[in-house]
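Below is one structure; the comments refer to it alone.
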Amino acid sequence: MPMAQAQKLAPALLVLPPDFEAYSQASDQVMAILEDLSPLVEQVSVDEAFIDVSDLPDDPGVIAARLQARINQETRLPCSLGVAANKLVAKVANDYGKGSRKGLDYPNAITVVPPGEEAAFLAPLPVQMLWGVGKKTAARLKTLGIETIGQLADAPAGLLGAHYGKWAADMQRHARGISDSPIVLSHTLKSISNETTYDKDIGDIDEVLHTVRWLSDKVGYRLRKHHFCAGTIRIKLRWSDFTTITRQVALAEPTNHNSVIYDTAAGLLRAAWQRGRKVRLIGVGSSNLQEPAVQMSLFDPGQDKETKLLNALDELREKYGKKVIQRGREVGRQSAFEEEEEE
DNA sequence: TCTGGGGTCCTAGGACCC
DNA sequence: TCTGGGGTCCTAGGACCC
């Protein structure tokens, strides 16, 4: 495969300060360094990214060493890198390097897996290091006598297929270090949600509804900030015994209005409510995100008014801080924005 | 640890339509 | 009218990841 010639790095930053601002600043700084090297950067999370350096003239191991030195110097932060022909192996290589440097100092490892040696590199490692294999799957594989990635690669296809169906073939390809998942330059948001866990379990539905209102405001604010409307609203409810349910409903018309989100979520909560049971966690979520239609509701001028009002409030919130603005009917309860630390 | 928060993807079943 | 197949959408829940 000609693709196997491509070399990709998966740098993972380990950022130490438990201080959010420093955290995201450092993240931006590192991403800028990566983009300076190549435009083919995929940011996976605040502290992880893939970069495709296959078009650069130098040896990928050398590039990695230079990159790490630059990050160390410019951000004063350690970082670990994995180098391999595809993202999957680069990720495992990076995790492996980080893990083996645990202890004295913060991981600042570089692990290179040369093309063609993917399967051999992976073989002795525990299956759980494979992307997509977590605790549950690892435990099930163990009952089949499979504990290392190599054993997974060599397992009879029929045996795996019987237990994992379609997923079995993918899992086995991954175990052999084969993956063609491309670098994705920008990820589009699929859902936006907020949830909260109570200090003590709550048996009063009004109190939970109060929280739902607050969470709905947060979700609405974030939807508007990202210029999205949601086609589906969802609640997540964890009872005191830790059983968790979700309830969702598709809207007739997508929205990013706090009031519509709240009314929908409150309806779902009332329908799912069981008197006598107590709640540990409540969440409000939105999905099926889409761009707002230009002519929202021709026949509902009230909605248009609400849009304008919300936009005005959002602007004031951004300008003067979170505490200033509360709608009249909301006064007396905690604003969703008092402790907002949104990017 | 008696269990934080915000995401993604996959599967399965039911409703509905042709 | 009944039966069945197949496609699609929606909902619920599980597993996993950072």
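Convention: sequence-line order gives letters A, B, ...; per-chain numbering from 1.
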State, with a plain yes or no, whether a side-chain heavy atom of A:Leu237 is found less than 4.5 Å away from one of A:Ile282. yes
With a 4.5 Å limit on heavy-atom distance, are the side chains of A:His257 and A:Arg224 in contact? no
Ring-face cation of A:Arg140 near A:Tyr164 (centre distance under 6.0 Å, axis angle within 45°): yes
Between A:Trp167 and B:dC10, do the rings stack, that is, sit under 5.5 Å apart with planes less than 30° off each other? no
Look at A:Ser191 and B:dG6 and indicate whether a side-chain polar atom (N or O) is within less than 4.0 Å of OP1 or OP2. no
Interatomic distance, A:Leu130 CG vs C:dC16 P [rounded to whole Å]: 12 Å
Side chain of A:Glu48, heavy atoms from C-beta onward: which of C:dC18, C:dT11, B:dT8 has the nearest atom to it? C:dC18
Look at the rings of A:Trp273 and A:Trp239 and say which category their plane angle falls in: under 30° parallel, 30 to 60° tilted, over 60° perpendicular. tilted
Whole Å only: how far is the CD1 atom of A:Ile235 from the C1' atom of C:dA12? 12 Å
Closest nucleotide among B:dG6, B:dG5, C:dT11 to the A:Leu281 side chain: B:dG5
Among the nucleotides C:dA15, C:dC18, B:dC9, which one has an atom lying closest to any side-chain atom of A:Trp131? C:dC18
Does B:dG5 have OP1 or OP2 sitting under 4.0 Å from an N or O in the side chain of A:Asn194? no
Partner of C:dG13 under the Watson-Crick or G-U wobble criteria, both distances under 3.5 Å, comes out as B:dC10
Which of these nucleotides, C:dA12, C:dT11, C:dA15, is closest to any side-chain atom of A:Thr246? C:dA12
Considering only C:dT11, B:dG6, B:dT3, which nucleotide approaches the side chain of A:Glu195 most closely? B:dG6
In whole Å, I'd like the distance from the NE2 atom of A:His163 to the C1' atom of B:dC10. 19 Å
A:Asn288 has an atom CG; how far is it from atom P of C:dT11, in whole Å? 10 Å
Under a plain distance cut-off of 3.5 Å, with no hydrogens placed, do A:Thr264 and A:Arg234 share a side-chain donor-acceptor pair? no
Quick check on B:dG5: is either OP1 or OP2 less than 4.0 Å from any side-chain nitrogen or oxygen of A:Lys218? no
Nearest to the side chain of A:Thr196, which nucleotide is it out of C:dA15, B:dG5, C:dC10? B:dG5
In terms of side-chain heavy atoms of A:Thr197, which of C:dA15, B:dG4, C:dC18 is nearest? B:dG4
From C-beta outward on A:Lys91, which listed nucleotide comes closest to its side chain: C:dC18, C:dA15, B:dG5? C:dC18
Atom-pair distance (NZ on A:Lys236; C1' on B:dG6), nearest Å: 8 Å
Which of the following nucleotides, C:dC16, C:dA12, B:dG6, is nearest to the side chain of A:Arg247? C:dA12
Regarding A:Val44, tell me which of base, sugar-phosphate or nothing describes its non-hydrogen contacts under 4.0 Å with the strands shown. nothing
For the residue pair A:Thr232 and A:Leu289, establish whether any side-chain heavy-atom pair is separated by less than 4.5 Å. no
Return the value, rounded to whole Å, for the distance between atom CG of A:Asp95 and atom P of C:dC16. 16 Å
Expressed in whole Å, how much space separates the P atoms belonging to B:dT3 and C:dC18? 24 Å
Could you state the atom-to-atom distance from NZ of A:Lys190 to P of C:dC17 in whole Å? 17 Å
Could you tell me whether the phosphate oxygens of C:dG14, OP1 or OP2, come under 4.0 Å of any side-chain nitrogen or oxygen in A:Lys136? no
Closest to the side chain of A:Gln248, out of B:dC9, C:dA12, B:dG5, is C:dA12
A:Leu189 CG to C:dC18 P: how many Å, rounded? 18 Å
